[in-house]
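Quick caveat: nothing in here was measured; it's all calculated off a predicted structure.
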Amino acid sequence: MRHALTIATRELASFFLGPTAYLVLLGFQVVAFLNFWELVESLARPQVEFSSLRDPMSAYVSGSTPFWFAILVAVPVLTMRLLAEENRSGTIETLATLPVTEAEIVVGKWLAGLAMYLALLVPFAIYLPFLYHQGRYPFDVGPLVSLGIGLTTMGMAFTAIGLFFSSLTRNQVVAAVWTFTALFVLVVMTLLVSYFPAARGWTGWADAARYVAVIHQIHECALGRLDLRVVVAHLSVCGFALYATAALLAARRGC
């Protein structure tokens, strides 16, 4: 894996050759600022003591509709070019002739996409010290750490999914659409599906659908209830997507 970091560094540099990365980062900065503004407004309202379910801190990211919409758009945009552009320009064949393995290529590309994803989350974190020290609001750090772990493992899986779809095509737009569709199913459709059995009283099916809904998983993390099974599920999806991508590259190299 000694070449993976070199590939990741190259990909990170290429992200900033065009305006896309800057626009995505700027968009997330705006979303983070609006979320923080709403959080401060919620904390400033006179009301009874917050419960764990109504605490605005627990909804700072996990309960933000703009955040989830931004994630659904940003991940496909950031991952669509990772391998699709190589396929389109023909440089994937040149890369395949170098003394690097398919696993190194896949891991390097994935690390670059993951680094960009984590950079998107930084604006949401930089406001919290000001709330703690300047706003004198001593919130519990534990749920935020749990939330950070959940968002990180979720990003690992999402980035791997985007890389897999990018490897299937030469068209970046097609890769982005496929990735968006997959993430939309994981984030939105699973949550909506859970409402149907709940309305019919099928508690078991509703709980199962809610359990696999990514929004519900991250909300539980925001409440400080980090489920290791969710972390394992995210890592399993990530590992499977990376393995499938490497296998696809190996099959193409063998042709």
Minimum heavy-atom distance Leu120-Pro123, with the two atoms named: O-CD, 3.2 Å

Interatomic spacing from CE in Met116 to CG in Leu111 - rounded to 0.5 Å: 14.0 Å

Sidechain-backbone polar pair: Trp110 side chain, Met156 backbone, donor-acceptor under 3.5 Å: yes

Close side-chain approach of Leu72 and Val188, heavy atoms under 4.5 Å: yes

Min side-chain heavy-atom separation Glu85-Gln172 under 4.5 Å: yes

Thr153 side chain vs His234 backbone, donor-acceptor pair below 3.5 Å: no

hydrophobic_cluster_shared for Leu114 and Val232, side chain cutoff 4.5 Å: no

Neighbour count above 12 (heavy atom, 6.0 Å) for Phe33 CZ: no

Exercise: do Thr20 and Arg81 side chains pair donor with acceptor under 3.5 Å: no

Single-linkage hydrophobic cluster Leu168~Leu163, side-chain heavy atoms < 4.5 angstrom: yes

Check against side-chain contact (heavy atoms from CB on, under 4.5 Å), Phe165 and Ile161: CA-CA 6 Å; Phe165 285 118; Ile161 291 172; 3.5 Å; yes

CZ on Phe124 to OG on Ser64, rounded to 0.5 Å: 6.5 Å

Close side-chain approach of Cys238 and Leu242, heavy atoms under 4.5 Å: yes

Under 3.5 Å: donor-acceptor pair, side chain of Ser14, backbone of Glu11: yes

Val141-Leu151 co-clustered via ILVMFWY side chain contacts under 4.5 Å: yes

Hphob cluster co-occupancy, Leu82 + Val173, side-chain heavy atoms under 4.5 angstrom: no

Common cluster, Ile126/Trp37, ILVMFWY with side-chain heavy-atom separation under 4.5 Å: yes

Flag side-chain contact, heavy atom, 4.5 Å: Tyr243 against Val106: no

Non-hydrogen atoms of Thr159 and Gly155 that approach each other most closely: OG1-O, 2.7 Å

Distance, nearest 0.5 Å, that separates NZ of Lys109 from CG of Leu249: 9.5 Å

Aromatic centroids of Phe240 and Phe164 separated by under 6.0 Å: no

Any Leu83 side-chain heavy atom under 4.5 Å of Thr245 side chain: yes

Heavy-atom side-chain proximity of Leu121 to Phe67 below 4.5 angstrom: yes

Between Tyr117 and Phe158, ring centroids under 6.0 Å: no

Residue from Ile71, Leu34, Val31 passing side-chain contact (heavy atoms from CB on, under 4.5 Å) with Pro66: Val31

Backbone of Cys221 reached by a side-chain donor or acceptor of Ser146 within 3.5 Å: yes

Distance (rounded to the nearest 0.5 Å) between Met154 CE and Ile218 CD1: 5.0 Å

Glu104 side chain vs Thr101 backbone, donor-acceptor pair below 3.5 Å: yes

Ser166 side chain to Ala84 backbone, donor-acceptor under 3.5 Å: yes

Between CG on residue Leu248 and CD on residue Glu102, distance to nearest 0.5 Å: 10.5 Å

